[in-house]
Amino acid sequence: MSLHKAVRTPADMPVSGWYAVLPPPPKAQVLRGRYVADWAIVGAGFAGLAAARRLSQLVPNDRIAVVDAQRIGWGAAGRNSGFMIDLPHELGGENYGGSKAHDLKQISMNRAAIEFSASAADEFGLQPYFVRAGKFHGAATKHGLRSLREFETHLGGLAENFRSLDATDMKRITGTDFFIGGTFTPGTVMAQPAAFIRGLAGGLAGRVKIFENSPATLIETGAVHRVQTSEGEIVAPRLILTVNGHLESFGFFKKRLLHVFTYASMTRSLSNSEQAALGGQEHWGLIPADPMGSTIRRIGDRIVVRNTFTYNPAMSTSKKQINQIARAHDRSFQARFPVLGEIPMEFRWGGHLCLSLNSAPAFGEIEDRVYVAGCCNGLGTVKGTLYGMLAADLAVGTDEPMVSDALSEPQPTPLYPAPLMAIGAPLRIWAMQRRAGREF
């Protein structure tokens with residue numbers, strides 16, 4: 001028997017704009033008393049709900065219980081930029097690409113995850129929140145444009161489709177002349193992440209028991225696993241942990257996970273005259289030529305800007321830190337959209353990313369009948385979905401070949417000693433963001 005007591009730092013987290021624009025959810029079902037299940041899943045984000053859905057397909061007569069500390073879509077699953085990216089997306093590099101063999105495997109696996117999500121969108125009527133729109137890369141500098149052309153060369157070597165864009169193309173799409181060139185790739189899905197994940201939970205509710213506002217405080221593993229919350233417990237012989245960076249909160253992967261926050265701001269609704277002055281397309285998503293630059297999404301009458309990374313080993317941020325970063329968002333927004341003037345931001349928020357130094361996931365059977373799916377390295381929507389569904393296949397024992405592919409990935413390597421991390425990680429982030437220059 002092993003005991004894993006949660007160690008959590010309270011977070012003073014404002015609501016994300018994606019969640020705030022949705023209608024209020026139904027009343028939460030809180031875990032109270034003892035619930036006996038065949039499967040317990042801790043974490044109801046992209047990974048947890050993918051695991052639950054896959055289990056419901058593989059073992060439809062089993063009792064599956066999912067428990068989450070918050071409302072569905074409130075946490076990290078509803079705080080990202082909503083890009084489900086099929087292509088290479090290495091945040092640590094200058095142009096997103098990696099080795100050819102590794103990238104080919106990752107593309108295949110990412111697309112399997114996207115198709116799994118697409119089938120859920122079709123099954124549960126979530127198509128408005130899951131759009132196969134593709135993504136734009138935008139370059140604001142000559143250095144950024146060179147990086148994009150290098151990325152295009154890499155994509156050509158992978159036999160992937162793309163379209164090179166010039167400044168005129170970018171202005172036609174975005175309405176701004178900020179970008180001097182770009183690249184379009186067609187395989188990315190643009191999601192409204194909070195709406196999609198909430199809709200997925202609602203669709204699964206008929207065959208999966210989902211408990212919200214029920215943080216796990218203690219996990220006892222053994223012949224039968226026990227997940228304890230403040231008001232109840234789930235008892236099950238098989239356990240899947242899909243809490244991403246909070247794997248470390250339960251004592252797993254200690255000093256191997258790198259906890260980073262990134263931040264976003266969403267405008268108020270633009271008036272008809274403001275939209276006409278801006279021009280461009282009404283819906284698009286753009287990632288920067290440099291991975292440390294600003295990601296921009298336009299969703300009809302609102303615009304979202306995402307930039308700035310901070311090293312937060314306590315796995316929490318605060319309103320104060322978010323407000324400090326808000327100035328960078330406003331500068332980035334006004335540089336790109338001067339025609340709109342000083343449009344106020346209605347929502348500002350932060351979101352937790354879990355990385356590893358070697359870009360490896362936390363995946364596999366970590367104890368007897370205890371499975372983990374986490375450390376998505378900045379691609380939580382697609383990688384969370386991928387590793388969640390594969391954790392279910394691994395636990396059931398199917399012959400899915402992607403399970404072997406996932407298990408062949410290295411484990412997250414140890415972090416440097418704490419004093420070096422405390423100094424080096426912020427310096428590294430600062431240097432990378434400075435390198436981004438005008439792309440930021």
Side-chain angles (χ1 to χ4, degrees), residues 8-21 70 74-83 91-92 140 178 193-194 244-246 249 257-268 286-288 290-299 302-338 340-355 377-378 380 415 418-440:
R8 295 182 184 272
T9 302
D12 182 19
M13 290 283 284
V15 63
S16 84
W18 298 117
Y19 191 95
V21 298
Q70 300 162 319
W74 174 272
R79 293 176 176 272
N80 57 79
S81 296
F83 291 67
L91 290 179
F178 182 83
N244 205 20
H246 280 290
S249 298
L257 305 181
L258 184 63
H259 305 289
V260 171
F261 272 70
T262 188
Y263 304 85
S265 296
M266 178 185 285
T267 66
R268 61 155 168 78
L286 179 147
I287 64 175
D290 187 290
M292 291 294 111
S294 293
T295 296
I296 309 290
R297 275 192 70 176
R298 181 174 175 187
I299 44 172
R302 293 179 184 267
I303 296 174
V304 179
V305 56
R306 195 280 305 153
N307 66 39
T308 307
F309 291 81
T310 60
Y311 175 56
N312 296 43
M315 289 179 271
S316 66
T317 186
S318 65
K319 290 181 180 178
K320 180 179 179 180
Q321 188 172 37
I322 292 169
N323 289 337
Q324 290 172 340
I325 290 164
R327 292 188 291 273
H329 289 177
D330 292 344
R331 286 194 299 269
S332 297
F333 180 86
Q334 289 158 15
R336 287 158 176 78
F337 307 107
L340 294 177
E342 296 186 5
I343 295 290
M345 297 292 177
E346 186 171 0
F347 305 105
R348 301 188 191 269
W349 67 94
H352 180 197
L353 279 70
C354 178
L355 315 175
N377 289 285
L415 302 179
L420 291 179
M421 289 301 302
I423 297 170
L427 279 176
R428 172 67 171 161
I429 291 171
W430 175 84
M432 293 173 71
Q433 291 181 163
R434 186 174 177 83
R435 178 197 69 197
R438 184 171 165 81
E439 309 291 349
F440 186 83

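In what follows, residues are counted from 1 in the order of the sequence shown. Side chains included, hydrogens not; waters and symmetry mates left out as well; all remaining heavy atoms used.
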Closest non-hydrogen atom pair, Met421 against Leu258: CE-CD1, 3.3 Å
Closest contact, heavy atoms only, Val21 versus Phe347: CG1-CE1, 4.0 Å
Could you grab the distance from atom CG of Leu355 to atom CZ of Phe309, nearest 0.5 Å is fine? 8.0 Å
What pairs with Arg297 under salt bridge (charged side-chain N to carboxylate O under 4.0 Å, His left out), at least two apart in sequence or on another chain? none
Apply side chain to side chain contact (heavy atoms under 4.5 Å, CB included) to the pair Thr262 and His352, showing each step before the final yes or no. CA-CA 7 Å; Thr262 188; His352 180 197; over 6 Å; no
Could you measure the distance from the CD1 atom of Ile287 to the CD atom of Glu439? Nearest 0.5 Å is fine. 11.5 Å
Pairwise distance CZ(Arg434) to CG(Asp290) - rounded to 0.5 angstrom: 13.5 Å
Report yes or no: does Ser294 contribute a side-chain atom to a donor-acceptor pair with the main-chain N or O of Phe440 at less than 3.5 Å? yes
Check the side chains of Gln433 and Asn307 for a donor-acceptor pair under 3.5 angstrom, ignoring hydrogens and angles. no
For Ile325, does its backbone N or O pair with a side-chain atom of Thr308 as donor and acceptor, under 3.5 Å? no
What closest approach, in Å, do Leu257 and Asn244 show between heavy atoms, and which atom pair accounts for it? CD1-O, 4.4 Å
Heavy-atom pair of closest approach, residues Arg268 and Glu346: CA-OE1, 3.5 Å
Say you draw a straight line from CD1 of Ile423 to OH of Tyr311; how long is it, rounded to the nearest 0.5 Å? 11.0 Å
Glu342 vs Phe333, test: side chain to side chain contact (heavy atoms under 4.5 Å, CB included). Steps then yes/no. CA-CA 9 Å; Glu342 296 186 5; Phe333 180 86; over 6 Å; no
Does the side chain of Met315 come within less than 4.5 Å of Cys354's, by heavy atoms? no
Under 4.5 Å between any side-chain heavy atoms of Ile296 and Ile303, yes or no? yes
Closest approach of Leu340 and Ile343, non-hydrogen atoms and distance? O-CG1, 3.2 Å
After noting the C-alpha distance and the side-chain angles of Thr310 and Tyr263, does the key distance pass the side chain to side chain contact (heavy atoms under 4.5 Å, CB included) rule? CA-CA 9 Å; Thr310 60; Tyr263 304 85; 2.6 Å; yes
Sidechain-backbone polar pair: Ser16 side chain, Trp349 backbone, donor-acceptor under 3.5 Å: no
Phe337 versus Val305: any side-chain heavy-atom pair under 4.5 Å? no
Roughly how far apart are Asn323 CG and Ser318 OG, rounded to 0.5 Å? 8.0 Å
Of all the heavy-atom pairs spanning Arg79 and Gly75, show the shortest one and how long it is. CG-O, 3.1 Å
Arg438: partners by salt bridge (charged side-chain N to carboxylate O under 4.0 Å, His left out), with sequence neighbours left out: none
Spacing of Leu353 atom CG and Phe261 atom CZ [to the nearest 0.5 Å]: 9.0 Å
Using modelled atom types and a 3.5 Å cut-off, is there a donor and acceptor pairing between side-chain atoms of Arg336 and backbone atoms of Ser332? yes
Under a 3.5 Å cutoff, is there a donor and acceptor pairing between the side chains of Arg348 and Ser265? yes
